[in-house]
Amino acid sequence: MNVHQVDPNESKYSASATAFRANVDRDLANDELRDNFRGAMDYLMDKRKNAFPIEDELETLREKCKLIKQRCLLKLPQLLEQLEANLQRNGIQVHWAESITDANEIIAQLIAQKNGKTVVKGKSMVSEETALNDYLEARDIECLESDMGEYIVQLAHQHPSHIIMPAIHQNKKQVAKLFADNIEGFEYTTDVDALIGEGRRVLRDKFCHADVGISGVNFAVAETGTLCLVENEGNGRMCTTVPDLHIAITGIEKVIEFLDDMPPLLSLLTRSATGQIISTYFNMITHRRQEGDKDGPAEVHLVLLDNGRSQAFADEEMRQTLQCIRCGACMNHCPVYTRIGGHAYGTVYPGPIGKIISPHMLGIDATKDLFTASSLCGACGDVCPVKIPIPKLLLRLRKESVRKQSDGSPQIMHGQGAGRKTIEALLWQGWSIVHKSPTLYRISMFMLTRCRGLMPKKIGPWTTVRTAPQPAAKTLHERIKARNKATTQGAK
Amino acid sequence: MTQLNTQHLRSYPNKPAQVYLYGTCLVDSFFPDSGIDAIEFLEQQGVEVLYPQGQSCCGQPAYNSGYQDEAKAVAIEQIKQFPLDIPIVIISGSCGGMMRHHYKDLLADDVPEIEKFCDRIFEFTEFLVNVLRVKLNDKGDPQRVALHTSCAARREMGVHITGRQLLGQLDNVELITHDYESECCGFGGTFSVKHPDISGAMVKDKTKNLLDTDVVKYISADWGCMMNINGSLDYQKKGLRGEHIATYLLNRTTNNGEA
Ligand code: SF4
């Protein structure tokens with residue numbers, strides 16, 4: 001099996017993922033940012049809760065959707081071939097990209113063939129993954145984000161901090177200032193409707209003149225060769241119908257087998273993400289413009305990206321990572337994400353899903369601080385609509401991260417063993433020796449309790465925000481021994 | 001959060017004459033009072049408690065850190081200490097989750113019939129409610145308390161349900177719900193040491209939410225969380241403290257109810 005090869009220069013994100021600890025310090029200290037996230041996450045959690053008034057129904061639907069995604073993943077290679085055949089038959093060209101560079105090159109070529117100079121883009125996390133905007137801009141192609149959140153983030157020269165709500169880290173005052181600084185003629189206001197109206201006005205103009213529209217895909221139906229796109233602003237429909245060339249990009253795991261698989265997934269997706277029963281827009285694209293159609297692109301292309309996904313696919317346990325439908329519920333409910341926000345992760349996908357998918361994209365070396373940054377509280381796994389056992393996968397990644405390299409163990413992941421530190425490994429070996437021997441354990445606990453007066457007041461990072469606990473004068477083992485003795489003597 | 005989590009659902013045996021107590025390493029060396037109190041409470045309910053002196057740690061710290069071979073060696077040793085086919089009552093929800101659920105994965109290839117061992121594991125409050133079906137007689141003065149359940153305890157052992165039920169049986173105790181009650185306190189074992197800043201931000205919020213209530217103490221079935229929360233409260237020089245539910249129940253129902 002081929003382990004995904006990561007070129008550290010390929011993704012701008014691998015460098016920032018290694019800076020996780022510094023990012024955390026920076027963002028924890030930012031009170032405004034923390035307030036923005038707490039407020040937004042509370043709102044989204046509430047929305048989701050109200051969208052599922054009947055727990056049993058939610059549970060049944062989750063189980064059903066888990067099984068749909070697992071079935072589709074089981075047949076992934078075959079479904080991808082079927083999807084390709086049916087799309088081609090419908091007149092939609094399919095392109096395979098193993099790496100993000102491949103994907104960007106394919107897209108740039110398609111644009112060049114049409115002499116395209118301007119692109120409007122609907123919300124697509126996979127295009128964030130490939131850093132498509134930067135790639136195209138370096139080739140003098142203007143690429144404008146048309147989703148309101150993405151537009152704000154692009155204007156601020158930032159990256160999305162949430163996979164559904166890209167600009168959630170900004171409050172309305174910050175957006176108002178951003179608009180005032182960047183949009184000519186904009187008069188400062190914090191009225192949300194006015195802000196959105198202003199953004200729309202700028203974008204509307206661009207839609208009419210863009211050469212190319214780029215979008216993501218939420219579900220790609222193999223049976224019918226249909227690309228499904230969930231969105232709320234209508235910008236996705238504009239991107240996929242107005243320009244003459246439409247290029248869709250998505251990950252290989254988005255393929256589903258039947259059209260009938262889509263409705264339950266869609267229902268769970270929108271309700272888990274924003275608490276909506278259905279999104280405002282739902283697009284199903286099965287053709288390019290046909291004879292007699294009034295609009296629609298003359299050409300439609302789909303770029304299918306691997307970028308480490310087949311590495312996850314090859315392992316039965318980690319394959320579950322690919323069940324993800326990118327609803328964002330796991331981050332909305334994550335106490336770590338709520339504290340540090342999305343940018344601290346330094347990865348395209350932040351939060352719990354980011355911690356389990358990024359190691360496949362960027363390698364363990366660049367991401368080893370991410371999957372340890374979890375208390376394993378399990379909130380993510382409890383809300384995931386397709387029941388990905390996220391805490392279990394975090395444990396698995398920790399295991400791969402500290403895997404001994406010399407023991408001839410199989411190559412499962414790029415960078416496995418990168419998190420192993422000699423001192424730490426020795427400590428755990430010592431710990432194991434003591435705790436598997438009743439005698440050694442009793443001796444060490446005896447020492448600990450007898451030396452309690454010598455316990456340092458400061459014990460590393462623990463005591464930066466807490467006082468140190470005091471060992472007891474006598475262990476439970478000793479006290480029970482004494483107690484049992486007393487009872488038997490008393491009985492005599 | 002109200003998601004239906006069925007992981008903790010199971011069938012329960014009749015009341016046994018004898019049980020084992022699993023004390024956990026943390027209680028053994030830092031908080032042995034809770035172990036003694038749990039034994040006294042169980043004895044009062046007419047159950048004999050055996051405490052194998054060979055027990056040490058369930059292996060969770062190493063397991064959660066990725067050192068599964070090291071955890072496995074310790075886990076196998078624990079199983080040997082509990083040969084009789086009687087329930088093993090454990091006074092920590094998260095260690096309970098480790099032994100009841102994670103042992104199945106960890107030891108699947110090493111211990112024949114590991115499922116049988118796992119099925120003998122009961123968290124303390126779960127055991128009181130579902131096996132002993134205790135009826136508590138509250139002898140204490142009126143009091144307002146909060147409940148903090150560890151995340152693993154809640155998810156894997158359903159302690160938020162049984163803990164609530166037990167406190168609900170105490171007539172003079174009013175259980176106050178604090179904001180973000182189900183949110184993690186930030187302990188997470190080695191997480192609190194590997195990522196002290198994030199963990200610190202979490203426990204700060206947890207203590208704030210507890211302090212915002214007017215409770216005299218908070219109750220928990222997990223010393224891991226309480227060591228974290230109490231440590232933070234102490235650091236902030238606040239008087240509020242957590243108390244293990246075994247101690248609390250014992251005191252409320254005996255000793256003229258002084259708790
Ligand atoms: S892992 Fe689950 S909860 Fe998180 S984004 Fe994916 S589908 Fe949603």
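A quick note: this is a predicted structure, and the numbers were derived from the prediction, not measured. Convention: sequence-line order gives letters A, B, ...; per-chain numbering from 1.
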Original post:
In terms of heavy-atom pairs under 4.5 Å, which option from I198(B), V49(B), T207(B), N230(B) contacts chain A the most?
Top reply: I198(B)
Original post:
Using 4.0 Å as the upper bound for N to carboxylate O, is an ion pair formed by D197(B) and R21(A)?
Top reply: no
Original post:
Between N228(B) and W462(A), which heavy-atom pair has the shortest distance, and what is it?
Top reply: CA-CH2, 3.7 Å
Subject >> Closest contact, heavy atoms only, R155(B) versus L376(A) >> reply: NH1-O, 3.5 Å
Subject >> Cation-pi geometry met for R398(A) and Y67(B) (6.0 Å, 45°) >> reply: no
Original post:
Is it the backbone or the side chain of K392(A) that comes under 4.5 Å from a heavy atom of chain B, or both, or neither?
Top reply: side chain
Original post:
What are the two closest heavy atoms between W431(A) and G59(B), and how far apart are they?
Top reply: CH2-CA, 3.6 Å
Original post:
For N484(A) and Y51(B), does a side-chain donor sit closer than 3.5 Å to a side-chain acceptor?
Top reply: no
Subject >> Separation of F187(B) CZ from S375(A) OG (nearest 0.5 Å) >> reply: 10.5 Å
Original post:
About how many Å separate CD of E43(B) and OG1 of T487(A), when rounded to the nearest 0.5 Å?
Top reply: 8.0 Å
**OP:** Pick one of side chain, backbone, both or neither for L28(A), based on which atoms fall under 4.5 Å of a heavy atom in chain B.
**Re:** side chain
Subject >> Over 12 foreign heavy atoms within 6.0 Å of CG, L426(A) >> reply: yes
Subject >> Nearest-0.5 Å distance, SG of residue C184(B) to NE2 of residue H333(A) >> reply: 15.0 Å
Original post:
Do the side chain of D28(B) and the main chain of L476(A) share a donor and acceptor less than 3.5 angstrom apart?
Top reply: yes
Original post:
Based on non-hydrogen pairs under 4.5 Å, which of P471(A), P438(A), P391(A) is most in contact with chain B?
Top reply: P471(A)
Subject >> Heavy-atom proximity to chain B below 4.5 Å, by part of A425(A) >> reply: both
Original post:
Which one of K436(A), R34(A), R452(A) has the most heavy-atom pairs closer than 4.5 Å to chain B?
Top reply: K436(A)
Original post:
Which residue out of V24(A), T372(A), L448(A), T464(A) racks up the most heavy-atom pairs below 4.5 Å with chain B?
Top reply: T372(A)
Original post:
Is the shortest side-chain N to carboxylate O distance from E183(B) to R38(A) below 4.0 Å?
Top reply: yes
**OP:** Could you tell me which portion of T463(A) (side chain, backbone, both or neither) has an atom closer than 4.5 angstrom to a non-hydrogen atom of chain B?
**Re:** backbone
Original post:
What closest approach, in Å, do A201(B) and R339(A) show between heavy atoms, and which atom pair accounts for it?
Top reply: O-NE, 3.8 Å
Subject >> Portion of S65(B) that has a non-hydrogen atom of chain A nearer than 4.5 angstrom >> reply: both
Original post:
Is it true that D105(B) and R396(A) have a side-chain N and a carboxylate O under 4.0 angstrom from each other?
Top reply: no
**OP:** Would you mind telling me which of Q429(A), R420(A), E478(A), E424(A) has the largest number of heavy-atom pairs within less than 4.5 Å of chain B?
**Re:** E424(A)
Original post:
Would you say the side-chain atoms of R466(A) pair up with the backbone N or O of Y235(B), donor to acceptor, closer than 3.5 Å?
Top reply: no
Original post:
When heavy-atom pairs shorter than 4.5 Å are enumerated against chain B, which of T449(A), D369(A), V336(A), I480(A) gives the highest number?
Top reply: I480(A)
Subject >> Leading residue by heavy atom contact count with chain A [cutoff under 4.5 Å; candidates V203(B), L21(B), D205(B)] >> reply: D205(B)
Subject >> Top contributor to chain A contacts, counting heavy-atom pairs under 4.5 Å, from P196(B), A75(B), C185(B) >> reply: P196(B)
Original post:
Which answer fits Y63(B), side chain, backbone, both or neither, if we ask what part of it has an atom under 4.5 Å from a heavy atom of chain A?
Top reply: both
Original post:
When only pairs under 4.5 Å are counted, which of G189(B), S56(B), C151(B), G66(B) shares the most heavy-atom pairs with chain A?
Top reply: S56(B)
**OP:** Against chain A, work out which of S232(B), G200(B), G188(B), S192(B) has the most heavy-atom pairs shorter than 4.5 Å and name it.
**Re:** S232(B)
**OP:** Might you confirm whether atom NZ of K474(A) has over 12 heavy atoms from other residues, nucleotides or ligands at distances under 6.0 Å?
**Re:** no
Subject >> Salt-bridge contact E70(B)-K399(A) (side-chain N to carboxylate O under 4.0 Å) >> reply: no
Subject >> Segment of S401(A) engaging chain B (4.5 angstrom heavy-atom cut-off) >> reply: neither
**OP:** Count the heavy atoms of every other residue, nucleotide or ligand shown that sit under 6.0 Å from NZ of K204(B), and state whether that count exceeds 12.
**Re:** no
**OP:** Without swapping roles, check the side chain of H477(A) against the backbone of Q55(B) for a donor-acceptor pair under 3.5 Å.
**Re:** yes
**OP:** Please look at T439(A) and chain B and tell me whether the side chain, the backbone, both or neither of the residue comes under 4.5 angstrom of a heavy atom of that chain.
**Re:** neither
Original post:
Which atoms form the tightest heavy-atom contact between Q68(B) and L395(A), and what is the distance?
Top reply: NE2-O, 4.3 Å
Subject >> Per-residue contact mode, S34(B) against chain A (heavy atom under 4.5 angstrom) >> reply: neither
Subject >> Max heavy-atom pair count under 4.5 Å with chain B, selected residue of A468(A), A344(A), G381(A), G378(A) >> reply: G378(A)
Original post:
Hey, is R479(A) close enough to D33(B) for a salt bridge, meaning N to O under 4.0 Å?
Top reply: yes
Subject >> Most chain A-contacting option - heavy-atom pairs closer than 4.5 Å, from I36(B), L233(B), V27(B) >> reply: I36(B)
Original post:
With a 4.5 Å limit on heavy-atom distance, are the side chains of D69(B) and K404(A) in contact?
Top reply: no
Original post:
Do the side chain of R442(A) and the main chain of Q53(B) share a donor and acceptor less than 3.5 angstrom apart?
Top reply: yes
**OP:** Answer with side chain, backbone, both or neither: which region of W428(A) has an atom nearer than 4.5 Å to a non-hydrogen atom of chain B?
**Re:** both
**OP:** Select one option (side chain, backbone, both, neither) describing which atoms of Q236(B) are under 4.5 Å from chain A's heavy atoms.
**Re:** neither
**OP:** Check each atom of F20(A) against the heavy atoms of chain B and say whether the ones under 4.5 Å are side chain, backbone, both or neither.
**Re:** side chain
**OP:** Against chain A, label C25(B) side chain, backbone, both or neither, depending on which of its atoms sit under 4.5 Å from a heavy atom there.
**Re:** both
